[in-house]
Amino acid sequence: MGSIKCMPQGYKQGVAVELGNLVVAAYDQFRARGGRPPKWPLAAPYQLLAEFSAPPPPPAQGLEKFGFVARRTDTGDVYVVFRGTQTIGDWLANVDFVQIGQQHGWGMTEKGFTGVYSGAAPAIIDALKKAGSPARVFVTGHSLGGSLATLCAADVRASLNVITTLYAFASPRTGDRAFAARFNTECPDTWRIVNTEDIVNTVPLAATAVAELNLTGLDNVARDIEKVPLIGSRVTRPLNRVRSLLDGENYEHVGTPVDFTQHNGSIVANHEMETYLTALGIQIATPLAQTAASSNSP
């Protein structure tokens, strides 16, 4: 199995282990996991401060639980934890490549991720304020949750002037180069744990180079389809996603990568949280208390 062998200065394997285990708890919060002891509800030394939900992009409806805010009773550390993709609505957020302005003016971010985070943000910020606006907040997430955690770290930093530590697992790119530059300045304690065999780490494309292929004809066809009665209004959203590729939008990763290489024979297996925990040296069934105890290790 692949493991993390090269650890950059400042990266803490014990913190990564603890946060990775909390991400598993966020998955358990959303749905029961069979074959192992569940990590939800939270066990000592963690105290639940708030759960948060958000609406996925249309046409999905309703609210989905995306994670929780918790505090360690022994250290006082506060955590914001996000799960990854679980529903069709979540997948729609993953592929809504249109960029929109980040709420604090840090640059442009992916519309789908931004929409989901915006739905959860009020509950998260309120919970942190009630926690006394701690001096430091740990933020983490896997897959889609990695991008939501990135947006959250930026929001917490800008809204509360709190230092954030972000450990993102298998995170897609979240925003453009301007966003990444501002984020890296404001949130330097940011680490992206990356399986080099995991395709999710490569999307959205860094640069949608199809803009260089002179595909204006396709764009014209898309605009004509939008004008067709009854049909046009139904295809506007998916066509906007296609048009964002034609427009050549740029995306850039944030933070410092911490790499390992593990090919398990399928896209899903290369991406799943269990693969990332194994690279950290623990099993998915490891109790929360055990990884909490190791969080101060190098």
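Here, residue 1 is the first one in the sequence, and each next residue gets the next number.
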If you draw a 6.0 Å radius around CG in Leu63, do more than 12 non-hydrogen atoms from other residues or ligands fall strictly inside?
-> yes

Is the CZ atom of Arg136 crowded by more than 12 outside heavy atoms at less than 6.0 Å?
->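 Counting other residues, nucleotides and ligands, CZ of Arg136 exceeds 12 neighbours.
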
Pair Trp191-Lys12, side chain to side chain contact (heavy atoms under 4.5 Å, CB included): steps then yes or no = CA-CA 9 Å; Trp191 310 93; Lys12 295 182 178 180; over 6 Å; no

Quick check: is [Y] connected to [X] through a chain of hydrophobic side chains (ILVMFWY, heavy atoms under 4.5 Å apart)?
{"X": "Val203", "Y": "Val194", "answer": "no"}
{"X": "Tyr79", "Y": "Leu48", "answer": "yes"}
{"X": "Val254", "Y": "Ile100", "answer": "no"}
{"X": "Ile124", "Y": "Ile163", "answer": "no"}
{"X": "Met273", "Y": "Val15", "answer": "yes"}

First locate atom [atom1] of [X], then atom [atom2] of [Y], and finally report the distance between them rounded to the nearest 0.5 Å.
{"X": "Asp176", "Y": "Trp106", "atom1": "CG", "atom2": "CH2", "value": "13.0 Å"}
{"X": "Gln102", "Y": "Tyr117", "atom1": "CD", "atom2": "OH", "value": "9.5 Å"}
{"X": "His253", "Y": "Thr190", "atom1": "NE2", "atom2": "OG1", "value": "13.5 Å"}
{"X": "Leu288", "Y": "Asn21", "atom1": "CG", "atom2": "CG", "value": "5.0 Å"}
{"X": "Thr75", "Y": "Asp77", "atom1": "OG1", "atom2": "CG", "value": "3.5 Å"}
{"X": "Thr291", "Y": "Leu22", "atom1": "OG1", "atom2": "CG", "value": "6.5 Å"}

Please assess Thr196 against Thr261 for the test side-chain hydrogen bond (donor to acceptor under 3.5 Å, both in side chains), listing each intermediate value before the final yes or no.
-> CA-CA 5 Å; Thr196 61; Thr261 299; 2.6 Å; yes

Provide the closest heavy-atom pair for [X] versus [Y] in the form atom of the first, atom of the second, distance.
{"X": "Ser159", "Y": "Ile125", "answer": "CB-CD1, 4.4 Å"}
{"X": "Ser171", "Y": "Ser147", "answer": "OG-N, 3.4 Å"}
{"X": "Ile284", "Y": "Leu277", "answer": "CA-CD1, 3.7 Å"}
{"X": "Phe113", "Y": "Thr174", "answer": "CD1-CA, 4.3 Å"}
{"X": "Ala289", "Y": "Pro45", "answer": "CA-CD, 4.2 Å"}
{"X": "Val139", "Y": "Leu19", "answer": "O-CD1, 4.5 Å"}

Within the 3.5 Å criterion, strictly below it, is a donor on [X] or [Y] matched to an acceptor on the partner's side chain?
{"X": "Glu110", "Y": "Gln99", "result": "no"}
{"X": "Asn195", "Y": "His271", "result": "no"}
{"X": "Asp189", "Y": "Thr164", "result": "no"}

Check step by step if side chain to side chain contact (heavy atoms under 4.5 Å, CB included) holds for Gln29 and Arg83.
-> CA-CA 9 Å; Gln29 173 198 25; Arg83 65 161 174 87; over 6 Å; no

Take Thr109 and Thr114 through the side-chain hydrogen bond (donor to acceptor under 3.5 Å, both in side chains) test and state the conclusion after the steps.
-> CA-CA 7 Å; Thr109 53; Thr114 304; 2.7 Å; yes

Would you check if the side chain of [X] reaches a backbone N or O of [Y] as a donor-acceptor pair within less than 3.5 Å?
{"X": "Asp28", "Y": "Pro38", "answer": "no"}
{"X": "Asn184", "Y": "Ala180", "answer": "yes"}
{"X": "Ser143", "Y": "Gly145", "answer": "no"}
{"X": "Gln283", "Y": "Ala285", "answer": "no"}
{"X": "Asn201", "Y": "Asp198", "answer": "yes"}

Determine, step by step, whether Asn264 and Thr275 satisfy the side-chain hydrogen bond (donor to acceptor under 3.5 Å, both in side chains) criterion, reporting the C-alpha distance in whole Å, the side-chain angles of both residues, the deciding distance to 0.1 Å, and the verdict.
-> CA-CA 9 Å; Asn264 294 326; Thr275 295; 2.9 Å; yes

When you compare the side chain of [Y] with that of [X], does any pair of heavy atoms fall below 4.5 Å?
{"X": "Leu128", "Y": "Val78", "answer": "yes"}
{"X": "Pro204", "Y": "Tyr251", "answer": "yes"}
{"X": "Gln103", "Y": "Asp155", "answer": "yes"}
{"X": "Gln13", "Y": "Ile4", "answer": "yes"}
{"X": "Lys65", "Y": "Ser53", "answer": "yes"}

Hey, do the aromatic rings of [X] and [Y] have their centres closer than 6.0 Å?
{"X": "Tyr167", "Y": "Tyr11", "result": "yes"}
{"X": "Phe52", "Y": "Phe82", "result": "yes"}
{"X": "Phe30", "Y": "Phe66", "result": "no"}

Short N-O contact, Glu252 and Arg173, less than 4.0 angstrom | no

Ion pair present between Glu274 and Arg36, side-chain N to carboxylate O less than 4.0 angstrom?
->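 Not counted as a salt bridge, because no side-chain N and carboxylate O are separated by less than 4.0 Å.
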
Geometric class of the Trp40/Phe68 ring pair [parallel <30°, tilted 30-60°, perpendicular >60°] |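 Rings of Phe68 and Trp40: tilted, as their planes differ by 30° to 60°.
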
Hey, can you tell me if His142 and Tyr276 have their rings parallel, tilted or perpendicular (30° and 60° cut-offs)?
-> perpendicular

Would you check, one step at a time, whether the test side chain to side chain contact (heavy atoms under 4.5 Å, CB included) holds for Tyr46 with Glu18?
-> CA-CA 11 Å; Tyr46 300 99; Glu18 178 185 24; 2.6 Å; yes

Would you sort out whether Arg192 and Asp259 count as a salt bridge (Lys or Arg N to Asp or Glu O under 4.0 Å), showing the intermediate values?
-> CA-CA 8 Å; Arg192 287 187 301 105; Asp259 297 343; over 6 Å; no

Using the salt bridge (charged side-chain N to carboxylate O under 4.0 Å, His left out) rule, collect all pairs that involve residues 116-129, keeping only residues at least two apart or in two chains.
-> Asp126-Lys130

Salt bridge (charged side-chain N to carboxylate O under 4.0 Å, His left out): which pairs involve residues 178-188, sequence neighbours left out?
->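 Passing the test, one end in residues 178-188: Arg157-Glu186, Arg182-Glu186.
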
Please test Thr140 against Leu166 for side chain to side chain contact (heavy atoms under 4.5 Å, CB included), starting from the C-alpha separation and ending with a verdict.
-> CA-CA 6 Å; Thr140 189; Leu166 171 63; 5.6 Å; no

